[in-house]
Amino acid sequence: MSKQQYGLLPNPFWLISQQLSYLMPWYDPVDEANTEDALHYLNHSAAAQRAIGKVA
């Protein structure tokens with residue numbers, strides 16, 4: 001059986017539909033998360049710290 005039959009891969013049409021809003025003229029990237037939030041997460045997340053330990 002393929003991975004799609006097990007439901008591990010999303011439907012390609014669903015993937016495309018998730019990206020359409022980013023292509024619209026009224027999309028405003030200001031509404032996205034900022035760099036400070038991302039850095040705070042990376043510095044305080046246990047999962048991020050474990051990942052850093054694996055690649056270091």
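Note that the structure is predicted; figures quoted are calculated from it, not measured.
Between the side chain of Gln49 and the backbone N or O of Leu42, at least one donor-acceptor pair lies under 3.5 Å. Under a 3.5 Å cut-off, the side chain of Asp28 and the backbone N or O of Asp31 do not form any donor-acceptor pair.
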Passes side chain to side chain contact (heavy atoms under 4.5 Å, CB included), Tyr41 versus Glu36? Steps please. CA-CA 9 Å; Tyr41 169 78; Glu36 290 81 18; over 6 Å; no
Show the numbers, then the answer: is there a side chain to side chain contact (heavy atoms under 4.5 Å, CB included) between Glu32 and Tyr22? CA-CA 11 Å; Glu32 298 294 325; Tyr22 297 107; 3.8 Å; yes
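Here the CG atom belonging to Leu39 is positioned 11.0 Å from the NE2 atom belonging to His44, to the nearest 0.5 angstrom. Atoms CD1 and CG, on Ile52 and Asn43 in that order, are 7.5 Å from each other to the nearest 0.5 Å.
Here the closest heavy-atom approach between residue Leu15 and residue Pro10 is recorded as CD2-CG, 3.7 Å.
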